[in-house]
Visitor: 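Please see the structure below; I have some questions.
Values below: every heavy atom of this structure, side chains too, minus hydrogens, waters and symmetry copies.
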2 protein chains.
Amino acid sequence: MLVDTGSCERTPQACHQGRSENGCADCKVRLISVCSVLEPTELEELEALSHHLTLDKGQTLFGQDEPAGSVFNVIEGALRLTRLLPDGRRQVMGFALPGDFLGLALQVRYSVSAEALGPVRTCRFGREDFAAVVEAKPHLLRSLHERAGYELTLSQEQMLLLGRRTAEEKVAAFLLSLRDRYARIGHSSVTVELPMGRQDMADHLGLTIETVSRILNRLDRAHAVLLVPGGARLIDLSRLERMAAS
Amino acid sequence: MLVDTGSCERTPQACHQGRSENGCADCKVRLISVCSVLEPTELEELEALSHHLTLDKGQTLFGQDEPAGSVFNVIEGALRLTRLLPDGRRQVMGFALPGDFLGLALQVRYSVSAEALGPVRTCRFGREDFAAVVEAKPHLLRSLHERAGYELTLSQEQMLLLGRRTAEEKVAAFLLSLRDRYARIGHSSVTVELPMGRQDMADHLGLTIETVSRILNRLDRAHAVLLVPGGARLIDLSRLERMAAS
DNA sequence: CGGATTCCTTGCGCTGGATCAAGGCCCCGG
DNA sequence: CCGGGGCCTTGATCCAGCGCAAGGAATCCG
């Protein structure tokens, strides 16, 4: 079940706490989220529409083809964005990290399902509410559009990966791209966290779980990476980059 | 070489003809392009910034990673949008058809190369010029953003295809999706035009040219499609849909 | 009209990654 | 401390699609 700690209808006092301990002003992801383009007064305006929503590992934020009632800022944790084929085959379109905005396209239905890979905190807005704010603030729309452009670039990168790379190239490129994304949100480290399981990586890279496992362990044995629980330390970056052939 | 028939610097009289025989008002793709959201006065404003540009088969409209000096509406013909790996492997990200807008994301550099598959007519705008118009007209930005959302959905569909479908499913899904896109721009027909070559399809679907050829001919022999020069007639739609597993 | 070029088809053997099948490890609850 | 379940690893075998090679059809051009 979804837990909407920010439901304001009946408990307006709890609401402020629900939204954020001290409001958007000291939100962890303010500077890396779409909100970074907003003025303080605009931020307050948006804050009045926001609800906090937390999920535990495995819970679904929204499902593919459901009416898109809300849009979300990811504050903490990671989610898996998936699409299903009728026969159950699964493609993981990507992973949402803190600072990411879900529902970017403001479309009527969600095009993917979003599931929590661990404890997740999000900032929720009613889609109509949010769309109205966007309508009134072209620079916010501009920012969303820029993000959409970035997403489009990422998805092109992913298509190139899925269509034209070998299994080893895929895994190496995945580790490097994840490291870049963490760096982009100010979470740089030699050790890349892997909050997703092997099956999720496989479904993201168009491989099987066995192949992903084999290749990760091969990279480990070759001292290109060091596998640790829940992550991987990238030892030989230049070798990985050569492997990724990017 | 690019032929910019709309270059206004030295031949202002030729310019109007260069733009469009009778201006945007009776542009073939006005109703299906981004321009469809513009008022007549806005259309004139944009027309003043437009230049016609035609290409012959094989010519490059722009190249991957080049500074994005212009954005384009495709008026007629089709283009191939590709990305290259350093070693020459190629992924065709998609095909641009009449009504499509190239440079949607308004980014500083092109993320793909665009090459004409046959004679192509486009309507070109300086990126800065166009961005200024967009800045002044939020509903145009809104329309661009909607298109970006549609592109994002298409590219997710393509990722699912590349990652999780068999060769036969890929080819069937490709034919059907092309048919849908032609229908969307008012070019419905049982016979789907295939302005791209086998190698382009292969590079789009993550297959080899041989596999594409084999499967198309297998579908032909099975009377699911009828191959004709430059296209394919979709005979057994329901069978193709079952194959595509969408 | 003939020669060249480009694109497409088809056959054949090979291989990268899938599939099948066992375990192994770790965490959690009792 | 033990037992069960979820995830991960590893080995053995298989096969869909690849790579190579040869030939065919369409188009262009002199």
Visitor: So what does G206(A) touch, heavy atoms closer than 4.0 Å: a base, only the sugar-phosphate, or nothing?
Guide: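 Here G206(A) touches the backbone only, sparing every base.
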
Visitor: Can you measure L194(A) atom CG to dC8(D) atom P for me and round it to whole angstrom units?
Guide: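 So the CG-P distance, L194(A) to dC8(D), works out to 10 Å.
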
Visitor: Between P on dG6(D) and CG on D200(A), what's the gap in Å once rounded to a whole number?
Guide: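 The answer, rounded to whole Å, is 16 Å.
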
Visitor: Output yes when R198(A) and E210(A) qualify as a salt bridge under the 4.0 Å nitrogen-oxygen rule, no when they do not.
Guide: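 A salt bridge is absent here (no side-chain N lies under 4.0 Å from a carboxylate O).
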
Visitor: Would you call R164(A) and D203(B) a salt bridge, using N to O less than 4.0 angstrom?
Guide: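 Looking at R164(A) and D203(B), the cut-off is met.
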
Visitor: Look at R165(B) and dG17(D) and indicate whether a side-chain polar atom (N or O) is within less than 4.0 Å of OP1 or OP2.
Guide: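 So the side chain of R165(B) is outside the cut-off, no N or O lying under 4.0 Å from OP1 or OP2 of dG17(D).
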
Visitor: CD of E168(A) versus P of dG16(C): gap in Å, rounded?
Guide: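 Going from E168(A) (CD) to dG16(C) (P), I get 12 Å.
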
Visitor: Roughly how many Å is it from CG in L219(A) to P in dT9(D), rounded to a whole number?
Guide: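 Interatomic distance, CG of L219(A) to P of dT9(D): 12 Å.
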
Visitor: Does the dC8(C) base have a donor-acceptor partner in the side chain of E210(B) within less than 3.5 Å?
Guide: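 Under the 3.5 Å cut-off, the side chain and the base do not form any donor-acceptor pair.
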
Visitor: For L117(B) and dC7(C), what is the distance between atoms CG and C1' respectively, to the nearest whole Å?
Guide: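 It works out to 14 Å between those atoms.
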
Visitor: The side chain of S213(B) lies closest to which of these nucleotides: dC18(D), dC8(D), dC8(C)?
Guide: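 Output: dC8(C).
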
Visitor: Go through dT10(D), dG17(D), dG17(C) for me and flag the one nearest to the A167(B) side chain.
Guide: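 The listed nucleotide nearest to A167(B)'s side chain is dG17(D).
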
Visitor: With a 4.0 Å cutoff (strictly under), does any side-chain N or O of T211(B) reach OP1 or OP2 of dG17(D)?
Guide: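 Negative; the distance criterion is not met.
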
Visitor: Between N217(B) and dC8(C), is there a side-chain N or O to OP1/OP2 distance below 4.0 Å?
Guide: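 For dC8(C), neither OP1 nor OP2 has a side-chain N or O of N217(B) closer than 4.0 Å.
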
Visitor: Using whole Å, what does the distance between atom P of nucleotide dT27(D) and atom NZ of K57(B) come to?
Guide: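 Computing the K57(B):NZ to dT27(D):P distance gives 10 Å.
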
Visitor: Hey, which sits more toward the 5' end of DNA chain D by its nearest nucleotide, R214(A) or R218(B)?
Guide: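 Result of the comparison: R214(A).
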
Visitor: Hey, mind stepping through Q156(B) and V112(A) against side-chain contact (heavy atoms from CB on, under 4.5 Å) and telling me if it holds?
Guide: CA-CA 9 Å; Q156(B) 286 177 353; V112(A) 295; 3.7 Å; yes

Visitor: Which nucleotide in the list dC8(C), dG11(C), dT10(D) gets nearest to the side chain of R221(A)?
Guide: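 Ranking dC8(C), dG11(C), dT10(D) by closest atom to the R221(A) side chain puts dT10(D) first.
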
Visitor: From the set dT9(C), dT9(D), dG19(D), return the single nucleotide nearest to any side-chain atom of T208(B).
Guide: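 From the listed options, dG19(D) comes nearest.
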
Visitor: Under 4.0 Å between a Lys/Arg side-chain N and an Asp/Glu carboxylate O for D236(B) and R242(B)?
Guide: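 No salt bridge links D236(B) with R242(B).
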
Visitor: Nearest whole angstrom, please: distance from the C1' of dT19(C) to the CD of Q199(A).
Guide: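 It is 13 Å, rounded to the nearest whole Å.
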
Visitor: Which nucleotide sits closest to the side chain of I209(B): dC20(C), dT9(C), dA18(C)?
Guide: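 Of the candidates, dT9(C) comes closest.
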
Visitor: Write down the distance between CG (L207(A)) and P (dG17(D)), rounded to a whole number of angstrom.
Guide: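 About 15 Å, once rounded to whole Å.
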
Visitor: Salt-bridge test for D100(A) and R181(A): reply yes if a basic N is under 4.0 Å from a carboxylate O, no otherwise.
Guide: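 So D100(A) pairs with R181(A) through a salt bridge.
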
